[in-house]
*Asks:* 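The following block contains the structure, expressed as structure tokens.
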Amino acid sequence: LSLVRKKMVEKYVREESMIRGPQFLTTLRSHTVWEHTPVKLYCTVEGFSLSCLSMDIKWYCIGGDNVGIHTLEIAKCETDDTAQYTAMAGNIHGQVSTQASVIVKSKSAKAKTYSIHVLSMHFPMLPEIKYTKINITFLETFGSVFGTEGDTVTLAATTTATPNLTNLQPEAQWFRDDHRLSDSKWVKIESARGETKLTLPHLNKDDEGVYTLRMVTKGGDAVHSAFVSCADGPPPVPGAPGAPMDIKIHDANRDYVIVSWKPPNTTTEGPIIGYFVDRCETGTENWVQCNDSPIKICKYPVPGLFEGHSYYFRVRAINSHGISKPSRISDPIAALDPTEFERLHAIKLGGKLDVVIYHDDVEDGKKVPGTPSKLYASETDRTYVVLSWKPAPYQGQAPVWYYIEKVGLSLGAWQRVNTQVPVRSPRYAVFDLSEGKQYLFRVLAANMYGSSEASEPTEPIQTQELHGVPSAPGQVVATRETDTSLLIQWAEPKEPNNLIGYYIDVCVKGSKDWGSANHKPHKNNKFVVQGLTTGETYAFRVQAINELGLSDESQESSPLSVKAALTTPSAPYDIALLACDGESMVLNWKHPVHSGGSPVVEYYIDKHRHGEHTWREINIPPIKERLFKVEHLSAGAVYEFMVYGGSLAGLGAPSAPSKAFHCDAWTIPEPGPAYDMTFCEIRDDSVLVEWKAPVYTGASPITGYFVDFAKKGSDEWHCSNESHAVSHRYHKVTGLEVGVSYVFRVRAANAEGAGKPSLASNPVVAKAVKGTVGQTQTDTIPYAAHQCGLEQSSIRSVCSTENVYLGQDSH
């Protein structure tokens with residue numbers, strides 16, 4: 001009893017009314033009641049607070065005084081009221097909670113039986129629910145970010161949805177390295193219709209990683225990703241290491257927690273000597289160093305906490321030059337007994353009602369507690385073991401505590417571990433053990449009336465033994481990714497020794513100035529190094545990490561220059577029918593938007609006949625031109641076609657299916673459509689258009705051409721040469737508005753009149769740029785308007801030496 005009283009004094013010795021959080025003097029009690037009867041939950045809280053009673057997601061709040069009773073009454077219980085209820089009280093110094101269960105039993109449960117076989121009704125089958133397909137397009141996206149600790153970083157994106165339905169707006173979901181992010185102290189997320197923004201108000205190495213935005217609808221999603229890098233800020237003293245990161249709290253209990261972290265990269269600093277762990281009680285600014293001398297591994301048990309108090313933790317690294325800045329503080333953690341709710345006990349009152357209470361709340365039977373059982377180690381480490389056991393059933397009011405005893409496997413005398421502080425919960429961490437040694441443990445229960453027999457000893461439990469840092473990773477190989485990044489891969493170390501991750505270093509060829517490619521350990525043996533200079537040549541090396549530190553560096557990779565890797569081309573598009581004789585069709589299509597870094601040199605065509613379910617290849621040898629005659633067709637049948645483009649990188653994606661083409665012989669007297677428009681001499685008010693002659697000429701030779709134009713998005717076409725057809729296959733369209741996008745088409749004419757128009761061109765911007773050399777731009781590859789006069793075009797050959805708006809084919 002004297003030990004308990006002493007412990008209670010120690011528990012509150014640092015607490016005063018103005019510097020501590022609230023506490024519950026009377027906690028909630030669980031109840032089991034019949035439906036349609038009342039139940040009342042109450043608790044008493046001390047300290048200025050706001051007490052909230054909750055059930056699932058429904059919250060009921062009641063204001064509080066310095067000492068007050070708070071109640072929640074359900075006047076007529078229904079079975080749906082069965083739940084766990086929580087009362088939470090909080091102020092600026094912390095937050096506490098108490099929980100209780102309410103179980104509502106149904107009086108008519110036994111009477112609710114159904115005989116399905118007597119039902120003879122037939123119900124109509126409901127129609128299948130079909131979700132609206134919503135297509136999401138990114139209008140603006142975010143790129144990779146390279147920041148420093150303390151910066152503010154914002155990632156923003158704008159999207160559009162088609163169809164744009166008010167009640168079916170996409171949901172913006174943000175992820176970092178596949179971990180879903182939500183609004184917090186370190187991450188701020190704002191989303192409105194069509195716009196979403198994520199802000200990192202105080203960038204830290206914990207924030208480094210690949211950020212992914214998923215715009216989600218019931219019909220699918222759209223995804224965009226980019227890398228955020230965070231370099232170390234200036235150290236407190238020159239040469240001091242960077243701050244540790246990824247502070248985690250494990251095995252929180254009444255009076256201790258276990259803190260773990262990850263070591264910083266030391267590419268340019270000296271090796272880490274050790275770490276200091278600091279703690280701070282919530283609501284204060286008083287940081288206390290937990291260890292007197294530096295610890296060398298990235299895990300530390302922190303004892304001596306006050307039960308019911310909440311704490312923050314942080315870690316500092318030390319090398320021969322000095323001490324680093326502290327890490328980002330951990331989330332607050334409360335020193336509470338995790339097994340508290342396992343000590344609930346149900347008793348009968350009045351023969352009908354079950355009331356759930358704590359063992360300590362029943363009538364005192366003045367009995368010695370029974371012997372604990374099922375003692376085992378729930379966690380083992382180098383210097384400590386966490387023990388858990390099952391308490392014996394207890395029917396007394398006197399408080400129960402436990403004593404833990406240990407013995408080394410080579411020694412015969414049992415030693416009591418906790419001689420100063422009794423243990424109240426059936427869980428305890430035994431510290432100060434020897435690394436790699438075997439121990440036996442047993443536990444005794446005690447109260448003011450005496451001690452139980454010792455439990456059965458555990459099986460031999462061996463503490464862990466670390467064998468040093470990992471061995472160096474194996475061969476490092478760099479391959480091309482984009483024009484500003486390289487993909488690095490390496491072999492895993494032969495001796496991982498509880499591997500945590502990897503650090504990747506980068507160096508320009510011929511230099512020994514190594515820098516960090518990542519500032520937070522990377523878990524996989526692949527990493528994309530971002531932010532490199534196009535055309536520069538780099539080498540790479542890798543280090544492995546565990547709790548003891550960093551391995552030796554791997555061998556350097558072979559140097560590799562940075563340029564975009566070859567990829568397969570995108571899909572061709574705009575398949576046009578140029579002629580048909582009843583047995584064959586002549587097709588034309590537009591070049592893929594992106595060639596993938598290598599010229600598209602061959603094409604393949606598939607056909608699909610209406611009424612059939614399969615697509616069939618048309619050509620085995622590749623087609624070299626964008627014009628092909630498909631033969632051996634059936635007269636009167638309807639066909640669709642798809643086209644693939646191929647390059648050195650392989651076969652690209654197929655085009656969208658063409659329109660349905662009827663295989664009926666053309667007998668119209670007018671010419672068929674022209675094709676393959678190109679543009680040059682693009683000025684502020686004019687564009688020179690060229691094209692190829694129709695394949696089908698009609699009943700008489702072609703005598704000329706008409707060129708039509710329209711503003712982008714408009715169906716109102718204007719003929720540039722309505723008064724007379726041009727006899728050659730080019731025409732200068734004048735009278736355009738500067739900076740406006742236009743589309744064009746061509747109609748061939750013969751003695752019978754003007755024929756079918758060609759497909760509309762891609763948009764062209766009427767704008768000249770001084771100082772550029774005129775070049776022809778074809779209507780086959782889309783191109784950015786800020787780089788050339790076309791919204792979608794590519795370069796063919798030099799057309800004139802006049803100053804026109806010119807782009808280069810970067811595809």
*Asks:* Given Y384 and D432, is the side-chain hydrogen bond (donor to acceptor under 3.5 Å, both in side chains) satisfied, shown in steps?
*Replies:* CA-CA 6 Å; Y384 67 87; D432 299 323; over 6 Å; no
*Asks:* List the steps, then state whether side-chain contact (heavy atoms from CB on, under 4.5 Å) holds for T383 with T463.
*Replies:* CA-CA 7 Å; T383 59; T463 55; over 6 Å; no
*Asks:* Given E281 and Y312, is the side-chain hydrogen bond (donor to acceptor under 3.5 Å, both in side chains) satisfied, shown in steps?
*Replies:* CA-CA 6 Å; E281 192 170 339; Y312 296 106; over 6 Å; no
*Asks:* Between W261 and V277, is there a side-chain heavy-atom distance shorter than 4.5 Å?
*Replies:*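 Touching, per the 4.5 Å side-chain cut-off.
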*Asks:* Which distance, rounded to the nearest 0.5 Å, do you find between the CZ of R382 and the OG of S434?
*Replies:* 11.0 Å
*Asks:* I need the single residue from D207, D246, D206 that forms a side-chain hydrogen bond (donor to acceptor under 3.5 Å, both in side chains) with R328. Which is it?
*Replies:* D207
*Asks:* Would you say the side chain of L486 lies within less than 4.5 Å of the side chain of V528, judging by non-hydrogen atoms?
*Replies:* no
*Asks:* For the pair E208 (side chain) and H519 (backbone), establish whether a donor and an acceptor sit closer than 3.5 Å, ignoring hydrogens and angles.
*Replies:*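 Looks like yes, one N/O pair under 3.5 Å.
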*Asks:* Within the side chain of N418, is there an N or O that forms a donor-acceptor pair under 3.5 Å with the backbone of I404?
*Replies:* yes
*Asks:* Salt bridge or not for D381 and K299, using N-O below 4.0 Å?
*Replies:*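 Judged by the 4.0 Å cut-off on N to carboxylate O distance, D381 and K299 do form a salt bridge.
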*Asks:* Students often mix this up, so state it plainly: with edges at 30° and 60°, are the rings of Y311 and F313 parallel, tilted or perpendicular?
*Replies:* tilted
*Asks:* Answer yes or no: does atom NZ of K188 have more than 12 heavy-atom neighbours from other residues, nucleotides or ligands under 6.0 Å?
*Replies:*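 Correct, the count exceeds 12.
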*Asks:* Quick one: does any side-chain atom of T482 pair with a main-chain N or O of T484 as donor and acceptor, under 3.5 Å?
*Replies:*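 Pair found, side chain donor or acceptor close to backbone of T484.
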*Asks:* A side-chain contact here means heavy atoms from C-beta on lying under 4.5 Å apart; do Y538 and V508 qualify?
*Replies:* yes
*Asks:* Check the pair F142 / H224 against ring-ring contact (aromatic ring centres under 6.0 Å, His included), numbers first and verdict last.
*Replies:* CA-CA 8 Å; F142 51 91; H224 175 74; 4.7 Å; yes
*Asks:* Walk me through whether V385 and I461 qualify under side-chain contact (heavy atoms from CB on, under 4.5 Å).
*Replies:* CA-CA 9 Å; V385 170; I461 297 172; 4.1 Å; yes
*Asks:* Of the non-hydrogen atoms in P294 and F276, which two are nearest, and what is the gap between them?
*Replies:*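 Looking at all heavy atoms of both residues, the closest pair is N-CE2, 3.8 Å.
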*Asks:* Please determine if K512 and E556 form a salt bridge, counting it only when a charged side-chain N lies under 4.0 Å from a carboxylate O.
*Replies:* yes
*Asks:* Ignoring hydrogens and angles, state whether a donor on the side chain of R480 or S561 is under 3.5 Å from an acceptor on the partner side chain.
*Replies:*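 S561 and R480 do have a side-chain donor-acceptor pair below 3.5 Å.
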*Asks:* Looking at D483 and K563, is there a salt bridge between them, counting it only when a charged N and a carboxylate O are closer than 4.0 Å?
*Replies:* no
*Asks:* Given side chains that start at C-beta, do those of Q489 and T479 come closer than 4.5 Å, heavy atoms only?
*Replies:* yes
*Asks:* Should we count CD of E459 as having more than 12 external heavy atoms under 6.0 Å?
*Replies:*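 It does not: E459 CD has 12 such atoms or fewer within range.
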*Asks:* Within the side chain of S485, is there an N or O that forms a donor-acceptor pair under 3.5 Å with the backbone of Q530?
*Replies:*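 No.
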*Asks:* Using side-chain heavy atoms (C-beta onward) and a distance below 4.5 Å, is V302 in contact with Y256?
*Replies:*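 No, every pair of side-chain atoms sits at 4.5 Å or beyond.
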*Asks:* What's the shortest heavy-atom distance between P470 and S551, and which atoms?
*Replies:* O-CB, 3.0 Å
*Asks:* Check each of T268, N518, T267 against D505 using the side-chain hydrogen bond (donor to acceptor under 3.5 Å, both in side chains) test, and report the only one that passes.
*Replies:* T267
*Asks:* Does any non-hydrogen side-chain atom of K526 lie less than 4.5 Å from one of W490?
*Replies:*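 They are not in side-chain contact.
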*Asks:* For a side-chain contact (heavy atoms from CB on, under 4.5 Å) check, start with the C-alpha distance between D177 and F175, then their side-chain angles and the critical distance, and finish with the verdict.
*Replies:* CA-CA 6 Å; D177 296 332; F175 296 81; over 6 Å; no
*Asks:* On the ring face of W389, is R427 found with NZ or CZ under 6.0 Å from the centre and within 45° of the axis?
*Replies:*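 No, a cation-pi geometry is absent between R427 and W389.
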*Asks:* Rounded to the nearest 0.5 Å, what separation is found between the CG atom of D278 and the CG atom of N286?
*Replies:* 12.0 Å
*Asks:* Begin from the C-alpha positions of T152 and H202 and carry the test side-chain hydrogen bond (donor to acceptor under 3.5 Å, both in side chains) through to its verdict.
*Replies:* CA-CA 5 Å; T152 297; H202 193 277; over 6 Å; no
*Asks:* Give a yes or no on whether E171 atom CD has more than 12 heavy-atom contacts from other residues, nucleotides or ligands under 6.0 Å away.
*Replies:*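 Yes, enclosed.
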*Asks:* Does Q475 have more than 12 heavy atoms from other residues, nucleotides or ligands lying within 6.0 Å of its CD?
*Replies:* no
*Asks:* Has the side chain of S310 got a donor or acceptor atom that lies under 3.5 Å from a matching backbone atom of P332?
*Replies:* no
*Asks:* State, with a plain yes or no, whether a side-chain heavy atom of P521 is found less than 4.5 Å away from one of M245.
*Replies:*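 Yes, close enough: below the 4.5 Å cut-off.
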*Asks:* When you measure from the centre of the six-membered ring of W174, is the NZ or CZ of R214 closer than 6.0 Å and no more than 45° off the axis?
*Replies:*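 No; the conditions do not both hold, so R214 does not lie above the ring face of W174.
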*Asks:* Classify the ring geometry of F227 against F527: parallel below 30°, tilted from 30° to 60°, perpendicular beyond 60°.
*Replies:*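 Rings of F227 and F527: perpendicular, over 60°.
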*Asks:* Between T458 (side chain) and F441 (backbone), is there a donor-acceptor pair under 3.5 Å?
*Replies:* yes
*Asks:* Got T537 and L560 here, is their nearest side-chain heavy-atom distance under 4.5 Å?
*Replies:*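 No, too far: nothing below the 4.5 Å cut-off.
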*Asks:* Would you check if the side chain of S554 reaches a backbone N or O of V542 as a donor-acceptor pair within less than 3.5 Å?
*Replies:* yes
*Asks:* So, does D183 use its side chain to make a donor-acceptor pair with the main chain of I189 at under 3.5 Å?
*Replies:*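 Yes, the answer is positive, given that a donor and an acceptor are paired below the 3.5 Å cut-off.
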*Asks:* Determine yes or no for a side-chain-to-main-chain donor-acceptor pair under 3.5 angstrom, with E149 supplying the side chain and G233 the backbone.
*Replies:* yes
*Asks:* Grab the two heavy atoms, one from A539 and one from W514, that are nearest each other, plus how far apart they are.
*Replies:*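 Closest pair (atom of A539, atom of W514, distance): O-CZ3, 3.7 Å.
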*Asks:* Between the side chains of E547 and K262, is the shortest nitrogen-to-carboxylate-oxygen separation below 4.0 Å, so that they form an ion pair?
*Replies:* no
*Asks:* Rounded to the nearest 0.5 Å, what separates atom CG in L155 from atom CG in L200?
*Replies:*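 Interatomic distance, L155 CG to L200 CG, rounded to 0.5 Å: 6.0 Å.
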*Asks:* Tell me the closest heavy-atom pair linking S191 and A172, and the distance in Å.
*Replies:* OG-CB, 3.6 Å
*Asks:* Rounded to the nearest 0.5 Å, what's the gap from CH2 on W414 to CZ on R442? Could you check?
*Replies:* 5.0 Å
*Asks:* Go through L181 and L198 one step at a time and tell me if the side-chain contact (heavy atoms from CB on, under 4.5 Å) criterion holds.
*Replies:* CA-CA 10 Å; L181 298 175; L198 179 144; 3.8 Å; yes
*Asks:* Kindly say whether G239 contributes a backbone atom to a donor-acceptor pair with the side chain of N319 at under 3.5 angstrom?
*Replies:* yes
*Asks:* Does the ring of W287 carry R279 above it, NZ/CZ under 6.0 angstrom from centre and within 45° of its axis?
*Replies:* no
*Asks:* About how many Å separate CG of N546 and CD1 of I297, when rounded to the nearest 0.5 Å?
*Replies:*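 If I round to the nearest 0.5 Å, the distance is 10.0 Å.
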*Asks:* Supply the atom-to-atom distance I545 CD1 to N265 CG, rounded to the nearest 0.5 angstrom.
*Replies:* 7.0 Å
